Protein chains: 2
Amino acid sequence: MSSFISFLNTLQPLSPALTQALLASTTPERLPAHHCLLQPGQVARRVYFLEAGLVRGYTLLHGREISSWFMQAGDFVISILSFFTQQPSEEYLELLEPSVVHSITYDQLQRLYHDFPEFNFIGRRVLEKYYVLSEQRAQTLRSRTAAERYELLLRDFPTVFQRVALHHIASHLGMAPETLSRLRNKPS
Amino acid sequence: MSSFISFLNTLQPLSPALTQALLASTTPERLPAHHCLLQPGQVARRVYFLEAGLVRGYTLLHGREISSWFMQAGDFVISILSFFTQQPSEEYLELLEPSVVHSITYDQLQRLYHDFPEFNFIGRRVLEKYYVLSEQRAQTLRSRTAAERYELLLRDFPTVFQRVALHHIASHLGMAPETLSRLRNKPS
DNA sequence: GAGCGAATATGACATTTGTCAAGAAAAGCC
DNA sequence: GGCTTTTCTTGACAAATGTCATATTCGCTC
């Protein structure tokens, strides 16, 4: 059984018909590092499930990359603004490692919500989880000093950031790469 | 008809039975300014709909108040982390103005989701809307300078912040109140 | 494993922002 | 309306962070 089907099953048992419909709507894809799932100007047509790999969401502001989040195996990956509004994106979704993704289009997803009302329950639960994460990230950003922000990141998300380049972490925390480098090498 | 019922109706027409169940689960309340809907340590048992007034969500960090968001008439108000996880809150929900709120408990809401599967559709849509807002707020926080953050806030949320005290806006934007005061009185 | 390019580290200095203090303005309260 | 309390403003200075320049290290490719 596909990995993301078994993940959804943990939220609520899927009927055989729904399982069948999900399998019919998705196919796994193996993609190389640096592959771009979405670019500014495009409308996000798909939501992805990451079976393996690492993905970064980022935007360009005044010519600088600002990393919004990082997702790893077992996560859903999506441009929140573009997918839910079906308006052109302002953000990039970029693979940081070779990855295996399953995906489903916006239209297919709406059809599933329509044909299987109980699937709305699952959609709601998944949304709740990522909404909570988004709020947690925002909270971190409101810490006063650069040191505090980095400390909170390590406390709340200790695993992901082992695999992410430091200059990406710095942009995620709203500081210069040099500042992060100094934080890490100074006495705590 | 109650204001929040008619709001939900715009997302998807409510069946008479669902309308009836919603009305039976909620009663409007008139509350004074400075009333606290939630405090740290308490589990968020209710989600509120603001018919009139203004609410602030904030946390204490190193003895300082950090404002996470502000909601006005027509908005749903909730402690995302505490309500969805049903764990003790770390945040305050405080009325900034005399307000009229409708509310429903976690248990009543789960019952509605169970008894009226189509209500999951509405719950999902509402979540999507606020998730988008949350991401937008987070994006603002990642702007480099204090001036940029304030500029984005005015661009994206021009109305709400007319009614919010400046020191609250400052804490929301992660800067000292003095910094915000200077931004506003200097040539742009 | 040698060589290349990107990522990280480090130093010097400029700029932004925070802190503290004091005064002005505004808002709430009898 | 006058009083009190809070909020906002402004100045001087200190601290934190950004910028630029230059190593140094790391990771890839051949």
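Given the structure is predicted, the values throughout are model-derived calculations rather than measurements. We name chains A, B, ... by the order of the sequence lines, and we start the count at 1 in each one.
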Taking the minimum atom-to-atom distance to the side chain of [X], which one of [options] wins?
X         : options                   : answer
Met175(A) : dG18(D), dT17(C), dA9(C)  : dG18(D)
Glu178(A) : dT10(C), dG18(C), dT9(D)  : dT10(C)
Ala176(A) : dT19(C), dT19(D), dG18(C) : dT19(D)
Arg182(A) : dT17(C), dT19(C), dG11(C) : dG11(C)
Thr145(A) : dT10(C), dT17(D), dA21(C) : dT17(D)

Review point. Can you hop from Phe157(B) to Leu180(B) via hydrophobic side chains spaced under 4.5 Å?
Key: yes
Check your understanding: Are Val132(B) and Ile66(A) linked, directly or through other ILVMFWY residues, by side chains that come within less than 4.5 angstrom of each other?
Key -> no
Practice item. Determine the sole option in Glu94(A), His167(A), Arg56(A) for which the side chain to side chain donor-acceptor pair (under 3.5 Å) test with Ser67(A) is passed. Key: Arg56(A)
Check your understanding: With no hydrogens and no angle check, do the side chains of Glu91(A) and Ser79(A) hold a donor and an acceptor under 3.5 Å apart?
Key ->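 There is such a pair (donor and acceptor under 3.5 Å, judged by atom type) between the side chains of Glu91(A) and Ser79(A).
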Point to revise | Modelled atom types, side-chain donor and acceptor of Ser3(B) and Glu51(B), under 3.5 Å | key: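 Per modelled atom types, Ser3(B) and Glu51(B) side chains form a pair under 3.5 Å.
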Review point. Pick from Trp69(A), Phe83(A), Phe4(A), Phe49(A): which one makes a ring-ring contact (aromatic ring centres under 6.0 Å, His included) with Phe76(A)?
Key: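 Only one of Trp69(A), Phe83(A), Phe4(A), Phe49(A) forms a ring-ring contact (aromatic ring centres under 6.0 Å, His included) with Phe76(A), namely Phe49(A).
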Practice item. Scan Tyr130(A), Tyr48(A), Phe7(A), Phe70(A) and name whichever one has a side-chain contact (heavy atoms from CB on, under 4.5 Å) with Asp75(A). Key: Tyr130(A)
Check your understanding: Angle, rounded to 10°, between the helical axes spanning five pairs at each terminus of the helix from dG1(C)-dC30(D) to dC30(C)-dG1(D)?
Key -> 70°
Review point. Heavy-atom contacts under 4.0 Å between residues 147-167 of chain B and DNA chain D, which residues?
Key: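 The answer is Ala165(B), Leu166(B), His167(B).
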**Study point:** dT19(C) phosphate, OP1 or OP2, under 4.0 Å from Arg64(B) side-chain N/O
**Key:** yes
